[in-house]
Undergrad: 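Let me begin by handing over the structure; questions about it come next.
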Amino acid sequence: MSKILEIKDLNTSFFTHMGEVKAVRGNSFSMEKGDILGIVGESGSGKSVTALSIMGLIEHPGRIKSGQVIFNGEVISNKSNKEMSNIRGSEISMIFQDPMTSLNPVYTIENLMTEVIIRHQKVSKSEAKRIAIEKLRMVGIPEPEKRISSYPHEFSGGMRQRAMIATALSCNPKLLIADEPTTALDVTIQAQILEILRRLANDLDTSIIIITHDLGVIAETCQNLIVMYGGMIMEQGTVDEIFHSPQHPYTLGLMNSIPKVHKKDKSRLLPIPGSPPDLMNPPKGCPFCPRCKYAMEICKEQMAPRYRIGNTHTSACWLLDAQAPDVEGFKKGCDIDG
Amino acid sequence: MAEKTPLLVVNNLKKYFQIKTPMFQKEKNLLKAVDDVSFYIDKGETFGLVGESGCGKSTLGRTIIRLYEPSGGEIIYDGVNIAEMTEKELLPYRKKIQMIFQDPYASLNTRMTIAEIIGEGLDIHTNITGSARLERIQDLLTRVGLKKEHANRYPHEFSGGQRQRIGIARALAIEPELIICDEPISALDVSIQAQVVNMLEDLQDELDLTYLFIAHDLSMVKHISDRIGVMYLGHLMEVTTSDMLYETPLHPYTKALLSSIPIPDPRASRSERIVLQGDVKSPINPKEGCRFSSRCVYKQELCDQVTPVLVEIQPSHFTACHFVKEINNL
């Protein structure tokens with residue numbers, strides 16, 4: 001399997017009048033072709049900024065300070081906006097959370113879709129329409145020949161999200177980034193959209209990044225998972241590893257704070273106390289330290305290195321160090337990665 | 001549960017909105033947001049109300065607290081029908097029923113300090129003034145996990161979770177008996193949601209509160225509720241205890257809804273997911289018949305002719321479906 005995407009030491013900041021907001025701080029990860037990668041984190045954890053950095057869509061006053069985005073073996077983080085616009089929409093596509101605000105209401109679905117297809121594939125208008133109809137059918141819109149001339153407001157929320165996925169797929173991208181694709185939708189519609197995404201990865205070998213805060217969505221769709229907090233990657237691994245032996249107190253806290261519908265016990269939820277860090281002045285050490293019940297002296301001073309737990313599983317927490325105290329569930333004495 | 005007296009009984013409550021009607025059309029176009037809904041809430045109980053967007057759950061909550069004028073039906077609070085009271089007669093009941101809103105950013109006036117926001121209710125409903133008033137406000141702030149010093153700050157100085165705590169403190173200020181929680185946690189981060197839910201549970205124990213908890217997050221509703229009502233296009237489809245609803249849902253809509261919840265466990269084996277086909281019916285001038293029939297796989301002729309009503313199929317398990325017995329082999 002070849003790497004479709006590699007992020008190396010990415011730092012993205014926003015330079016506001018109030019000071020520098022460090023939204024993404026030194027993140028590195030990679031993903032294989034045909035993989036579905038989940039990125040989970042709370043609002044302000046840097047997950048959307050990571051996605052926008054990959055797309056080259058960071059706008060003023062934001063800037064990628066350092067680091068590389070390597071897509072399909074090619075560095076794309078230093079490309080000009082013009083070069084990037086050839087890649088966006090054809091090689092890498094993105095779908096957004098709110099399907100109402102991200103589709104232009106004065107254009108029909110046909111206008112919206114054929115514009116992208118003609119721009120990237122240099123085909124005739126009628127050919128572009130044929131491709132558009134085929135994509136709409138693929139995402140399960142009934143009677144696409146008729147519905148293609150509708151305006152976005154004539155579609156329901158789920159249909160709009162499908163139209164947006166169809167547009168994103170119109171040029172057969174290698175990588176699809178879905179930023180909270182189902183957050184605005186009802187559960188019955190969410191189930192349909194997730195099914196479409198899963199099928200895409202399976203049938204067309206499209207690599208997909210799903211950004212969400214819903215652990216249920218992750219568990220059902222993704223193979224690999226990145227847990228972000230305060231602009232940093234806390235834990236990384238396969239979904240099974242992270243759900244069944246979380247090795248970071250933040251991940252553990254997230255798991256404990258959601259109710260278990262499918263289990264009978266009605267025990268109290270175990271919330272994480274406190275609130276997320278201020279990225280204007282992030283804590284010096286680990287960003288999770290002020291809310292962590294296992295916090296030690298070193299956590300306040302220095303961010304933990306990335307410890308390797310298994311082949312695919314890493315976590316940035318001092319509890320995994322050989323000198324750490326024993327805490328149940330945490331595998332102390334891991335090696336530092338890289 | 002016959003020995004308990006219900007605190008709130010809602011009988012055939014209706015809320016219709018009049019919408020744009022073509023000039024020569026005889027009948028007015030009516031959007032039936034809440035149509036013939038009946039249920040009760042016992043004292044000290046948490047009644048959960050779930051349903052997808054547009055099903056009328058928030059309208060129902062707002063109609064009960066009389067933010068909307070009901071179009072018909074009864075709202076019986078502690079034995080008294082408040083549905084047709086005048087604003088003046090209603091005042092003592094406003095003190096007993098309070099509401100917590102979904103959006104902690106939109107529901108707090110940005111030009112008022114926290115003390116003013118919380119104190120407003122005290123000024124209207126009580127005679128507490130001066131230092132006693134301030135003490136009460138500070139007491140409320142500490143009760144919801146904030147600090148006394150926060151009283152003089154403005155809403156923008158707080159995070160989403162903290163704002164929701166302020167909203168809760170405001171609702172608690174005049175010692176209500178019933179609190180209508182309209183999606184109180186859906187705008188909050190996962191780790192903060194659990195904090196707020198735990199706090200609501202603690203407050204219920206301490207102050208003997210009754211909740212109507214409206215949400216679309218089924219797992220949270222199950223966690224917090226004693227009984228749950230499932231709404232679809234203005235109608236209640238199923239009402240039962242939260243355990244029964246999740247273990248043995250009887251209505252075809254509830255079954256589909258529950259099977260759509262993603263399980264946060266990659267090793268969990270899930271039963272066959274029921275994917276709903278067809279479109280949601282329009283709530284404007286709905287025809288007689290079951291509202292769910294356009295998407296129901298068990299649909300028969302009768303479903304489009306007669307609107308099913310809630311029937312007690314099993315002890316304290318109500319369903320509005322003509323063929324519930326056949327579908328479930330009861």
Side-chain angles (χ1 to χ4, degrees), chain A residues 40-45 140 142 156-159 182 184-192 194-195 213-223 225 229 238-244 250 253-264 266-276 278 291, chain B residues 50-55 145 158-162 186-199 201-202 216-226 232 242-243 246-247 253 256-271 273-280 295:
Chain A
V40 71
E42 299 180 73
S43 41
S45 62
S156 64
M159 296 263 281
T182 57
L185 305 175
D186 288 321
V187 274
T188 53
I189 311 293
Q190 165 172 287
Q192 296 169 359
L194 294 180
E195 184 58 45
H213 62 265
D214 187 334
L215 291 166
V217 169
I218 298 274
E220 290 217 338
T221 19
C222 303
Q223 284 119 35
L225 177 58
Y229 187 81
T238 65
V239 166
D240 195 72
E241 284 165 345
I242 293 187
F243 276 75
H244 284 278
Y250 174 62
L254 267 189
M255 303 283 168
N256 286 336
S257 55
I258 50 171
K260 317 273 181 293
V261 189
H262 300 271
K263 289 185 184 149
K264 253 194 161 178
K266 262 208 168 175
S267 50
R268 260 174 92 79
L269 303 173
L270 300 167
I272 306 174
S275 48
D278 174 12
R291 299 174 76 185
Chain B
V50 293
E52 299 182 271
S53 46
C55 72
F158 295 92
S159 67
Q162 288 175 317
S186 53
L188 306 176
D189 274 321
V190 181
S191 70
I192 309 294
Q193 285 185 354
Q195 294 177 3
V196 173
V197 165
N198 278 354
M199 198 179 70
E201 288 179 336
D202 290 343
H216 66 268
D217 180 345
L218 296 154
S219 36
M220 256 329 164
V221 173
K222 185 206 171 189
H223 177 84
I224 198 166
S225 307
D226 300 312
Y232 188 82
S242 78
D243 287 337
Y246 281 82
E247 274 160 37
Y253 175 63
L257 193 65
L258 292 179
S259 86
S260 310
I261 313 175
I263 309 173
D265 180 356
R267 286 184 197 168
S269 60
R270 70 152 48 252
S271 46
R273 170 165 288 159
I274 308 162
V275 179
L276 289 178
Q277 302 296 332
D279 280 327
V280 184
R295 298 171 83 187

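Chain letters run A, B, ... following the sequence lines, proteins first and then strands; every chain starts at 1.
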Undergrad: Does any backbone or side-chain atom of Ile218(A) lie under 4.5 Å from a heavy atom of chain B? Answer side chain, backbone, both or neither.
TA: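 For Ile218(A), neither part sits under 4.5 Å from chain B.
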Undergrad: Taking atom CG of Asp217(B) and atom CD1 of Ile261(B), what is their separation to the nearest 0.5 Å?
TA: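 These two atoms lie 8.5 Å from each other.
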Undergrad: Heavy atoms only, distances under 4.5 angstrom: which of Thr188(A), Asn256(A), Ile272(A), Val187(A) has the most pairs with chain B? Name it, please.
TA: Thr188(A)
Undergrad: Kindly compute the distance separating OG (Ser260(B)) from CD (Glu220(A)), expressed to the nearest 0.5 Å.
TA: 9.5 Å
Undergrad: Please classify the contact of Gln192(A) with chain B as side chain, backbone, both or neither, using a heavy-atom distance under 4.5 Å.
TA: side chain
Undergrad: What are the two closest heavy atoms between Leu225(A) and Ile242(A), and how far apart are they?
TA: O-CD1, 3.6 Å
Undergrad: Under the criterion side-chain contact (heavy atoms from CB on, under 4.5 Å), which of Val217(A), Asp214(A), Ile189(A) is the partner of Thr182(A)?
TA: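 The option that passes is Val217(A).
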Undergrad: Ignoring hydrogens and angles, state whether a donor on the side chain of Ser275(A) or Gln162(B) is under 3.5 Å from an acceptor on the partner side chain.
TA: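 No donor-acceptor contact under 3.5 Å links the two side chains.
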Undergrad: Looking at chain B, which one of Gly274(A), Gly158(A), Pro276(A), Gly44(A) has the largest number of heavy-atom pairs inside 4.5 Å, strictly under?
TA: Gly274(A)
Undergrad: Which atoms of Glu201(B) are under 4.5 Å from chain A, going by heavy atoms: the side chain, the backbone, both sets, or neither?
TA: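 Side chain only.
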Undergrad: Under a 4.5 Å heavy-atom cut-off, does chain A meet the side chain of Val197(B), its backbone, both or neither?
TA: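 Contact with chain A is through the side chain of Val197(B) alone.
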